[in-house]
Amino acid sequence: MEWNKLKSYLDVGAAGSKVVVTTRKQEVASVVRGVIPPYNLDVLSEAECWSIIKKKAFSPGGASETPNMITIGEQIAKRCGGLPLAATFLGGLMRSQNDEKNWLSIRDNRSLETHGKQSGGLIPILKLSYDNLPSHLKQCFSYCC
C-alpha cells in the first residue's frame, strides 16, 4: 500500500515531529489514522462565510459597505457551501470588483449553483478564480499545468 511506503519515510523524522493529514474522504482518514482518532470538521455556517467575505470585501480600498452591498454579499455567502476557501476567494474577488453590478454578476453566476443542500464544490469556485485572472497569469497557470 502506498500509504505504508510514505509512512516509512515519515517515521524517521525528528522526535516530536507531527504530520497533519487533511481530507474530506472518510476512507483516506481511516487509512492514515494514527494514534489520535480523526477530528471531523463541519462546514462553516452561512454567517461564518459572510464574516470571511465581509472582512475581505470591505477592507480598505475595497467595496463600500452599503445596505445593498451587504444584502448581495449575504446572498453570495449562501453559495459558498460552507467552504472557507470559497469564502476567501469570493471575498477577494468582491473586493476587486467592488461595484453593485459586479457583485450581482457574481451572485447570479450559474456555475456556482447548488443542488439541494449540496454545494457545487470547489471546482466552480476555482474556475471562477481562473476566469478572473489577468491574461498573462492565465498563460502562466496553463503552462504550469
Side-chain angles (χ1 to χ4, degrees), residues 1-7 9-11 13 16-135 137-145:
M1 173 177 262
E2 296 297 316
W3 168 246
N4 290 330
K5 186 176 177 182
L6 176 60
K7 188 174 181 286
Y9 294 115
L10 298 174
D11 285 339
S17 295
K18 305 283 187 237
V19 174
V20 176
V21 177
T22 62
T23 182
R24 291 182 193 198
K25 296 184 178 189
Q26 195 59 43
E27 67 185 87
V28 173
S30 66
V31 168
V32 300
R33 182 180 177 139
V35 178
I36 301 170
Y39 183 81
N40 295 312
L41 293 173
D42 288 326
V43 294
L44 300 177
S45 69
E46 288 174 11
E48 291 167 321
C49 285
W50 172 234
S51 176
I52 292 169
I53 289 172
K54 183 169 73 169
K55 187 173 188 172
K56 290 193 77 73
F58 297 132
S59 64
S64 298
E65 194 169 350
T66 67
N68 268 359
M69 296 294 263
I70 290 170
T71 300
I72 298 166
E74 289 170 339
Q75 293 166 347
I76 292 170
K78 292 178 182 179
R79 308 206 56 204
C80 290
L83 303 175
L85 181 59
T88 300
F89 163 71
L90 288 170
L93 179 62
M94 293 158 67
R95 182 183 188 283
S96 67
Q97 299 192 8
N98 57 10
D99 67 29
E100 192 172 315
K101 179 179 144 225
N102 289 334
W103 281 32
L104 288 169
S105 175
I106 294 166
R107 183 197 68 189
D108 298 336
N109 187 311
R110 296 189 61 82
S111 70
L112 300 178
E113 293 212 358
T114 58
H115 305 286
K117 288 199 164 208
Q118 289 270 325
S119 162
L122 276 181
I123 298 301
I125 299 290
L126 295 174
K127 169 87 170 75
L128 185 60
S129 175
Y130 175 81
D131 290 344
N132 283 279
L133 285 173
S135 61
L137 290 180
K138 282 184 185 177
Q139 221 174 8
C140 179
F141 184 83
S142 297
Y143 176 78
C144 292
C145 287

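For the atom pair CZ of R107 and CG of N109, the computed distance is 11.5 Å after rounding to the nearest 0.5 Å. In this structure, I70 CD1 and I53 CD1 are separated by 13.0 Å, a value rounded to the nearest 0.5 Å. Taken to the nearest 0.5 Å, the CE atom of M69 stands 6.5 Å off from the CG atom of N98. Put simply, CG on L93 and OG1 on T88 are 12.5 Å apart, with the number rounded to the nearest 0.5 Å. Expressed to the nearest 0.5 Å, how far CG of L90 lies from CG of L85 amounts to 9.5 Å. Separating the CG atom in N4 from the OH atom in Y9 is a distance of 12.5 Å, to the nearest 0.5 Å.
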* Could you walk me through whether L44 and C80 pass side chain to side chain contact (heavy atoms under 4.5 Å, CB included), step by step? => CA-CA 9 Å; L44 300 177; C80 290; over 6 Å; no
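Checked by atom type and distance alone, the side chain of W103 pairs as donor or acceptor with a backbone atom of M94 at under 3.5 Å.
Nearest heavy-atom pair, C49 versus A77, reported as atom, atom and distance to 0.1 Å: CB-O, 3.9 Å. Nearest heavy atoms, L133 versus K138: O-CE, 3.4 Å.
Sorted by first and then second residue, the pairs that involve residues 49-67 and meet side chain to side chain donor-acceptor pair (under 3.5 Å), not counting sequence neighbours, are S59-R95.
Take L10 and apply the side-chain contact (heavy atoms from CB on, under 4.5 Å) test, not counting sequence neighbours, and it matches W3, L6, V19. Take D11 and apply the salt bridge (charged side-chain N to carboxylate O under 4.0 Å, His left out) test, not counting sequence neighbours, and it matches K7.
When the shell of 6.0 Å around CD of Q139 is examined, it contains 12 or fewer heavy atoms from other residues, nucleotides or ligands.
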